[in-house]
Amino acid sequence: MHPFDNHDVLLEALRKGEEKAFEYLFDRYYEGLLNYAGRILHDTELANDVVQEAFCGLFERRKELKGN
C-alpha cells in the first residue's frame, strides 16, 4: 500500500506542494483521464491539452483543496 492511498495524507501533501504527491496523482489518473477526454472530444491532442490543464489547475489551486 502506498502512503498516498490514504486520502488525508495525499490531500495534505498536495496542499504543501509535495512533488511526489502530484507524481502519484499523475501516474495514477493521467491515462484514464486522457482516455475519457479523448472519447468525449474525439481529438487526442486536444484531450491531452485538457488533461494537462486540469493537472496544472490542481497545482495552482492546491492550497484551496478541502478534505471531508
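Below, each value reflects all heavy atoms present in this structure, side chains not excepted, and no hydrogens, waters or symmetry copies. This one's a predicted model, so the numbers in the text were calculated from it and none came from an experiment.
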Can you tell me how far apart [atom1] ([X]) and [atom2] ([Y]) are? Round to the nearest 0.5 Å.
| X | Y | atom1 | atom2 | answer |
| --- | --- | --- | --- | --- |
| K66 | E64 | NZ | CD | 7.0 Å |
| H2 | D27 | NE2 | CG | 9.0 Å |
| K20 | L10 | NZ | CG | 14.0 Å |
| F4 | E12 | CZ | CD | 10.5 Å |
| N6 | L11 | CG | CG | 10.0 Å |

Shared hydrophobic cluster, I40 / L33 (ILVMFWY, side-chain heavy atoms < 4.5 Å)
no
Does L46 share a hydrophobic cluster with Y30, counting links as ILVMFWY side-chain heavy atoms below 4.5 Å and allowing steps through other members?
no
Heavy atoms only: give me the nearest A47-G38 pair and the separation to one decimal.
CB-N, 3.5 Å
Short N-O contact, R28 and D5, less than 4.0 angstrom
yes
Quick check: does any side chain N or O of R15 sit under 3.5 Å from a backbone N or O of L65, one acting as donor and the other as acceptor?
yes
Any side-chain heavy-atom pair from [X] and [Y] closer than 4.5 angstrom?
| X | Y | result |
| --- | --- | --- |
| F22 | F55 | no |
| L34 | V50 | no |
| L14 | E18 | no |

Sorted by chain and number, sequence neighbours left out, ring pair (Phe, Tyr, Trp, His ring centres under 6.0 Å) with Y36 holds for none
My understanding is that only residues two or more places apart in sequence, or in another chain, count here; which of them pass ring pair (Phe, Tyr, Trp, His ring centres under 6.0 Å) with H42?
none
Quick check: are there more than 12 heavy atoms from other residues, nucleotides or ligands sitting under 6.0 Å from CD of Q52?
yes
